[in-house]
Structures are given as structure tokens and as C-alpha cells.
Amino acid sequence: MLETEKARNKVILVGLSSPVLKRGESADESSLEELAALVETAGGETLGIVLQQREKPDPRTFIGEGKVAEVQLYCENVQADMVIFDNDLSPSQQRVLTDLLGVQVLDRCGLILDIFAQRAKTKEGRLQVELAQYQYILPRLTGMWTHLERQGGTSGKGAIGSKGPGETQLETDRRLIHKKIDKLRSDLQEVRRIRGTQRERRRKNEIPVVAIVGYTNAGKSTLLNQLTDAQIPANNRLFDTLDTTSRLLTVSDTLDVVISDTVGFIRKLPHQLVEAFKATLEELEYADLLLHVVDISNPEWQQQMQVVEDLVVELGTADLPRIQVFNKCDALPAGEIMPHGDDIVAVSAKTGAGMDRLLELIDRKLDKGVRRVKLSLPFDKGGLLDLLYREAKVESVEYAEAIEVTAVAPPRILGQLQPYLHQEEPQV
């Protein structure tokens with residue numbers, strides 16, 4: 001992985017565009033610009049970009065022998081010490097390219113994993129990143145330690161110099177990594193169990209869950225800070241937030257929600273991370289509402305929006321109600337038209353513009369018929385007051401000729417309270 005803390009790597013970026021690659025797998029100028037931003041996030045410096053057009057990837061070198069020689073000369077001329085590909089490389093391609101170029105070769109997946117390893121702070125986040133890294137490393141062991149490929153054994157039938165223990169170091173490492181992966185998965189299952197207990201407690205309290213999703217650097221943490229004063233560090237860089245943060249938000253007089261920030265999505269997100277981060281992203285599965293934050297000031301906002309939608313579908317949460325939150329409207333270029341719709345709101349998480357409208361939409365989306373009511377309960381009906389304390393939000397109790405109660409009650413108990421209803425206020 002990158003040693004970004006000790007020294008800034010000098011990096012050449014390489015991408016391949018080919019008609020045979022699936023949608024989203026080909027490199028283009030915008031994806032390479034994003035890769036350069038990822039390099040900066042990791043602490044590296046981009047010295048140059050090479051975009052290759054080919055009918056199909058070369059099975060051995062990915063970009064072809066001629067282009068490899070060109071990149072190798074480029075590295076020598078600018079004294080680059082690393083080449084990062086915008087596309088995913090097979091383990092064998094990564095080995096061959098490292099040998100031919102004479103510098104460390106990484107693909108987009110490896111770079112993102114390195115950033116996640118730098119940024120994860122909580123125990124859960126570190127477990128998830130470690131699992132993803134081991135899954136990434138496992139098929140690449142042979143290239144990392146070529147001297148470990150020698151087959152040991154004591155039969156005497158192998159090549160000269162191949163005698164040794166019955167199990168090669170490579171096989172030993174593979175076995176140890178498999179054991180480590182199993183242990184990490186077990187630890188993550190325990191994390192999920194604990195999160196499940198917390199969710200069950202919320203469900204008993206009937207507190208809805210709102211999950212913030214969006215492309216990396218769309219302003220999700222800034223939005224959470226604006227709504228809840230969460231004081232999460234929010235910087236203008238990719239993957240600044242990796243660990244889920246949840247806060248209680250009072251939306252209106254009749255609605256409190258738990259609102260959670262999630263890791264930012266990105267195109268070509270490594271599949272190891274999609275799997276490893278299920279423990280964080282499963283918050284989406286149990287959410288009652290998604291806030292999809294979109295950076296409307298980004299020229300690529302429509303493509304970024306589609307990346308998030310595709311990942312939401314992959315995570316099995318496509319049917320959840322959602323609000324499209326078009327953020328950074330204060331930075332929208334002059335003349336640009338803002339999208340409109342019933343479930344769309346334009347905000348600036350930085351300045352606070354549009355927050356009242358957003359809270360109104362959340363309240364409307366999660367309205368379950370909760371009402372604030374005033375009741376006059378006879379003293380012999382004190383059991384109903386106990387019911388209200390258990391099942392509703394009691395705001396005030398006064399003892400006069402009767403028990404005068406103001407409470408915010410859900411519809412399932414409003415029927416039982418109807419005979420004692422003194423005043424029902426309009427829905428808040």
C-alpha cells in the first residue's frame with residue numbers, strides 16, 4: 001500500500017478506454033480527473049495522465065507493449081515512482097506491469113483501499129477496511145513475493161533447489177490470510193448484532209431512521225452538521241467521512257428521527273468494499289427514508305447521481321422513500337436551472353439555505369398520523385395515563401377536576417382516547 005505519511009508519491013495516471021469494457025469500467029477524462037483527486041487525498045502528487053484507446057484490453061499488459069514502453073519512458077523523464085491505473089487490473093497484469101515499468105503499479109481499487117485504511121477511525125471501520133484489504137491482497141500474493149512460489153517437498157522429484165518444508169511460504173500465507181478473513185467476518189457479525197440490538201431499541205421507541213447517502217464530497221457531513229450541530233470535520237476532499245455518524249434530530253413538534261451519515265459512494269467502487277462495508281451500509285436497509293445528497297454545482301452531477309442510484313439498487317434498498325437534496329445551490333453557475341419536483345429540495349448545507357423546506361419534506365414523508373392532543377381523563381382512568389407514557393410523548397400533566405394531559409400520540413391509541421379528547425390541535 002502507499003506510504004503516504006512518509007513521502008508524497010510522484011504518480012503517473014493511466015486509463016484505458018475500450019468499447020468491450022462494461023459501462024463505467026472504461027476510463028475517460030472525468031474519471032481520470034477524479035482519480036487525480038483520489039491521489040491527492042491519499043497524499044500523492046499527479047505528474048501526468050495517459051489515456052489509451054484500444055479495441056480491447058491486452059490480456060498481458062492491459063494497454064499494449066508499445067504504450068507500456070511509452071509510460072515507462074514518461075516515468076523516467078519526470079522521475080515518477082508509481083503508476084496508478086484508472087481501471088481494475090488482474091493480479092497477473094499488475095505483476096507484469098510492475099516488472100516492465102520498474103515502479104510500483106496500483107489500480108483504482110488498491111488506491112481507494114489505501115485511502116480507506118488511512119481514514120477509518122472506529123473499530124468497525126478498521127475491521128471493514130482490513131477485511132477488504134485482505135480480500136484484495138489474497139490473489140496478488142504470488143506477485144508480491146515471487147520467491148515464495150517455489151514448491152517445497154521431500155520427495156526428491158522436484159527441481160534442484162526446490163527441497164524444503166512440505167508447505168510453501170506462499171501456501172502458509174494464504175492459509176493464514178484465509179483464517180484472518182474468517183476472524184474479521186466473525187468480528188463484523190458481532191458488530192452487526194450490536195447494531196441490530198440498537199435498531200430494535202429504536203424500533204420499540206418508534207424512532208424513524210433517516211440515512212444520508214450521496215456521492216463522495218457531495219456535502220453529506222456538512223448537511224448533518226447543519227441539521228444537528230454534529231461537529232463532524234467536513235473538508236473538501238474525497239472520502240473524508242468513512243465511519244457512520246448518527247444523531248437525534250427534532251424535525252417538528254411531533255417527530256424525532258435518528259439521522260445517519262454514510263460513507264460516500266464513487267464510480268468503480270471496489271466490490272470488496274461494497275461487501276466489507278455492508279455492516280455500515282446495512283443502515284440503509286433499515287432506514288425509513290433516504291436523503292440523496294447531490295452536488296448540483298458539479299458538472300458531472302447527473303452521472304454521480306446515477307452511480308449512487310445504482311449502488312442503492314445493489315444494496316437492495318431501491319424501494320425506500322427518498323428525498324433528492326440538491327446541495328451547494330449557492331455555488332450553482334449563473335443560468336443553470338435547478339431541478340424541481342415534490343420530493344426535491346435545493347439547499348446549501350454550508351449557509352443553511354433551504355433547511356426549513358427540507359425539514360418540512362422529511363416531516364411529510366414520515367407522517368404516520370401522529371397528532372398532538374389535549375385530554376381530560378377521569379381519575380378512575382389513570383391507566384390511560386400510563387398508556388400515554390408508554391406509547392406516546394407526554395408533554396404536560398395537570399391535576400384539576402380531571403387529569404389534564406397534553407400529549408403527542410400515534411393513531412393506534414388515538415381511538416382509545418377519543419371519549420376523553422378535549423381538544424385536537426392541527427397537525428404540526
Side-chain angles (χ1 to χ4, degrees), residues 1-5 7-17 24-52 71 74 78 80-89 104-120 129 132 136 213-223 232-243 261-270 272-274 277 293-308 310-311 327-328 331-333 349-350:
M1 293 294 170
L2 294 171
E3 293 292 336
T4 52
E5 294 300 319
R8 288 174 61 87
N9 289 95
K10 310 293 186 182
V11 182
I12 299 295
L13 305 182
V14 179
L16 175 67
S17 176
E25 290 183 358
S26 272
D28 56 29
E29 288 183 6
S30 66
S31 69
L32 284 163
E33 284 176 13
E34 185 175 84
L35 187 64
L38 287 168
V39 169
E40 183 179 355
T41 297
E45 180 184 356
T46 299
L47 300 182
I49 295 176
V50 176
L51 179 58
Q52 166 75 326
V71 173
Y74 197 170
V78 298
D81 57 13
M82 178 174 287
V83 172
I84 299 179
F85 279 73
D86 192 37
N87 318 78
D88 284 341
L89 299 174
Q104 186 179 358
V105 173
L106 212 58
D107 59 12
R108 187 185 182 98
C109 178
L111 175 62
I112 291 174
L113 284 171
D114 183 80
I115 294 169
F116 273 50
Q118 292 180 48
R119 292 288 164 78
V129 172
Y136 178 79
V213 299
Y215 207 79
T216 183
N217 209 31
K220 299 180 298 300
S221 295
T222 307
L223 179 66
I232 304 167
N235 301 303
N236 185 28
R237 60 186 180 190
L238 305 183
F239 293 125
D240 199 54
T241 301
L242 295 186
D243 300 305
D261 191 9
T262 60
V263 63
F265 295 173
I266 195 168
R267 73 185 94 185
K268 305 178 187 177
L269 185 71
Q272 294 99 330
L273 280 177
V274 174
F277 272 75
V293 181
V294 181
D295 177 3
I296 191 66
S297 69
N298 191 308
E300 302 274 320
W301 69 265
Q302 289 172 304
Q303 293 92 320
Q304 293 180 354
M305 194 171 172
Q306 190 58 52
V307 167
V308 175
D310 291 344
L311 281 168
N327 189 27
K328 307 186 186 180
L332 193 65
K350 184 178 178 181

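Residues take their numbers from the sequence shown, with the count starting at 1.
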For [X], give me all partners under side chain to side chain contact (heavy atoms under 4.5 Å, CB included), at least two apart in sequence or on another chain.
{"X": "Glu25", "value": "Leu21, Lys22"}
{"X": "Val307", "value": "Tyr215, Arg267, Leu311"}
{"X": "Ser297", "value": "Asp295, Lys328, Ala331"}

Report the distance from atom [atom1] of [X] to atom [atom2] of [Y], rounding to the nearest 0.5 Å.
{"X": "Asp81", "Y": "Ile12", "atom1": "CG", "atom2": "CD1", "result": "10.0 Å"}
{"X": "Thr41", "Y": "Asn217", "atom1": "OG1", "atom2": "CG", "result": "8.0 Å"}
{"X": "Glu34", "Y": "Gln303", "atom1": "CD", "atom2": "CD", "result": "11.0 Å"}
{"X": "Asp114", "Y": "Leu106", "atom1": "CG", "atom2": "CG", "result": "7.5 Å"}
{"X": "Ile49", "Y": "Tyr74", "atom1": "CD1", "atom2": "OH", "result": "8.0 Å"}
{"X": "Ile296", "Y": "Gln302", "atom1": "CD1", "atom2": "CD", "result": "8.0 Å"}

Mind listing the closest non-hydrogen atom pair of [X] and [Y] along with its distance?
{"X": "Ser31", "Y": "Ser26", "answer": "OG-O, 4.4 Å"}
{"X": "Cys109", "Y": "Asp88", "answer": "CB-OD1, 3.8 Å"}
{"X": "Ser221", "Y": "Asp261", "answer": "OG-OD2, 2.8 Å"}
{"X": "Ala42", "Y": "Ile115", "answer": "CB-CG1, 3.7 Å"}

Using modelled atom types and a 3.5 Å cut-off, is there a donor and acceptor pairing between side-chain atoms of Asn327 and backbone atoms of Ala349?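 It does hold such a pair.
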Checking the side chain of Asn87 only, and the main-chain atoms of Leu16 only, is there a donor and an acceptor separated by less than 3.5 Å?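 Yes, the answer is positive, given that a donor and an acceptor are paired below the 3.5 Å cut-off.
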Name of the residue among Val78, Ile84, Leu111, Leu35 meeting side-chain contact (heavy atoms from CB on, under 4.5 Å) with Val11: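 For Val11, the side-chain contact (heavy atoms from CB on, under 4.5 Å) check succeeds only for Ile84.
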Pick from Asp107, Val50, Val14: which one makes a side-chain contact (heavy atoms from CB on, under 4.5 Å) with Val83?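 It is Val14, the one option of Asp107, Val50, Val14 that forms the side-chain contact (heavy atoms from CB on, under 4.5 Å) with Val83.
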Any pair with a residue in residues 41-50 that passes salt bridge (Lys or Arg N to Asp or Glu O under 4.0 Å), sequence neighbours left out, goes on the list, sorted by first then second residue, please.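 Residue pairs passing salt bridge (Lys or Arg N to Asp or Glu O under 4.0 Å), neighbours aside: Lys10-Glu45.
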Within a reach of under 6.0 Å around CD of Glu300, are more than 12 heavy atoms found that belong to other residues, nucleotides or ligands?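 Yes, enclosed.
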With sequence neighbours excluded, residues passing salt bridge (charged side-chain N to carboxylate O under 4.0 Å, His left out) with Asp86: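 Scan of Asp86 (salt bridge (charged side-chain N to carboxylate O under 4.0 Å, His left out), adjacent residues dropped) gives Arg108, Lys268.
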Report the residues that fulfil salt bridge (charged side-chain N to carboxylate O under 4.0 Å, His left out) with Asp310, sequence neighbours left out, ordered by chain and then residue number.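 Once residues adjacent in sequence are excluded, the partners of Asp310 under the salt bridge (charged side-chain N to carboxylate O under 4.0 Å, His left out) criterion are Arg23.
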